[in-house]
Colleague: 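Below are the structure tokens for one structure; questions will follow.
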Amino acid sequence: MSRDDDCVLILAVVRRIPRGRVATYGQVAAQAGFPKRPRLAGYALSHLPTGHDLPWHRVINAQGRPSFDPEGPAYRQQLQRLADEGVPNVDGRIDLARYRWQPQSSAPVLD
DNA sequence: AGGGTGACGGGCC
DNA sequence: GGGCCCGCCACCC
């Protein structure tokens, strides 16, 4: 019950992040059923097969930044992709309070 | 078997 | 705000 199985669950959550929104690693992991294990989300995303169609760029860290070397290309590419779909950043930081994905199914309101 | 390494995060100072 | 430390745990020597 590890590795591939867990990754599938993580990636399934990433796939649901809508355009124009972002989610943190911790958020994705928790939603996939792995609270307190943000690194699992990081692991899953770091081993994506080439040619995948997952919106990997919509996953950022809890500080609201891409978890890449700010000097490297991946960092800028992620920001670029987000900007292209309407998620702005100020100096590489995204306003999580405003753009965080809030799945409606996380806390069903019943009465 | 043991130590190091992450696309992390929270707590502290 | 920023930096450090530590918990976390799958993986890879």
Side-chain angles (χ1 to χ4, degrees):
Chain A
M1 187 98 91
S2 272
R3 209 195 60 170
D4 287 353
D5 300 320
D6 295 352
C7 287
V8 168
L9 295 174
I10 292 286
L11 299 180
V13 171
V14 174
R15 199 158 16 224
R16 302 211 282 278
I17 307 173
R19 264 180 80 87
R21 311 249 75 176
V22 293
T24 66
Y25 293 89
Q27 181 184 353
V28 168
Q31 210 172 301
F34 306 101
K36 304 309 175 187
R37 291 186 58 191
R39 300 190 92 119
L40 185 57
Y43 173 78
L45 288 174
S46 67
H47 291 279
L48 290 174
T50 58
H52 64 84
D53 60 336
L54 257 76
W56 60 271
H57 58 284
R58 297 179 188 147
V59 184
I60 61 180
N61 64 32
Q63 337 308 317
R65 310 172 132 292
S67 278
F68 287 107
D69 175 5
E71 307 301 306
Y75 183 90
R76 288 190 291 279
Q77 187 193 22
Q78 184 164 14
L79 290 177
Q80 182 62 62
R81 287 193 176 203
L82 286 173
D84 287 345
E85 56 182 54
V87 180
N89 68 85
V90 178
D91 258 8
R93 186 158 58 260
I94 290 147
D95 186 348
L96 272 174
R98 188 130 63 187
Y99 297 96
R100 183 196 290 271
W101 172 42
Q102 303 177 15
Q104 67 288 14
S105 56
S106 61
V109 180
L110 30 78
D111 180 50

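Every chain is numbered from 1, with letters handed out A, B, ... down the list of sequences. Hydrogens, waters and symmetry mates are skipped; everything else that's a heavy atom, side chains included, is used. Keep in mind that this is a model prediction, so the values were computed, not measured.
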Colleague: Rounding to an integer number of Å, can you tell me how far A/Gln63 CD sits from C/dG3 C1'?
Modeller: 12 Å

Colleague: With nearest nucleotides of DNA chain C determined for A/His47 and A/Lys36 from heavy-atom distances, which residue corresponds to the more 5′ nucleotide?
Modeller: A/Lys36

Colleague: Using chain A heavy atoms and a threshold of under 4.0 Å, write down where along DNA chain B the contacts begin and end, 5' to 3'.
Modeller: B/dG6 to B/dG9

Colleague: Please assess A/Arg58 against A/Trp101 for the test side chain to side chain contact (heavy atoms under 4.5 Å, CB included), listing each intermediate value before the final yes or no.
Modeller: CA-CA 9 Å; A/Arg58 297 179 188 147; A/Trp101 172 42; over 6 Å; no

Colleague: Regarding A/Tyr43, tell me which of base, sugar-phosphate or nothing describes its non-hydrogen contacts under 4.0 Å with the strands shown.
Modeller: sugar-phosphate

Colleague: Quick one, A/Asn61 with A/Tyr25, criterion side chain to side chain contact (heavy atoms under 4.5 Å, CB included). Give me CA distance, side-chain angles, the key distance, then yes/no.
Modeller: CA-CA 6 Å; A/Asn61 64 32; A/Tyr25 293 89; 4.2 Å; yes

Colleague: Measuring only between side-chain heavy atoms, which start at C-beta, is A/Arg16 closer than 4.5 Å to A/Pro103?
Modeller: no

Colleague: Exactly one of A/Val14, A/Leu40, A/Leu11 should register a side chain to side chain contact (heavy atoms under 4.5 Å, CB included) with A/Val28. Which one does?
Modeller: A/Val14

Colleague: Below 4.5 Å, heavy atoms only, C-beta onward: do A/Leu79 and A/Pro66 meet side chain to side chain?
Modeller: yes

Colleague: Carefully, step by step, assess A/Leu82 and A/Tyr99 under the rule side chain to side chain contact (heavy atoms under 4.5 Å, CB included).
Modeller: CA-CA 11 Å; A/Leu82 286 173; A/Tyr99 297 96; over 6 Å; no

Colleague: Determine the contact category for A/Arg37: base if any of its heavy atoms lies under 4.0 Å from a base atom, sugar-phosphate if only primed atoms, P, OP1 or OP2 are that close, otherwise nothing.
Modeller: sugar-phosphate

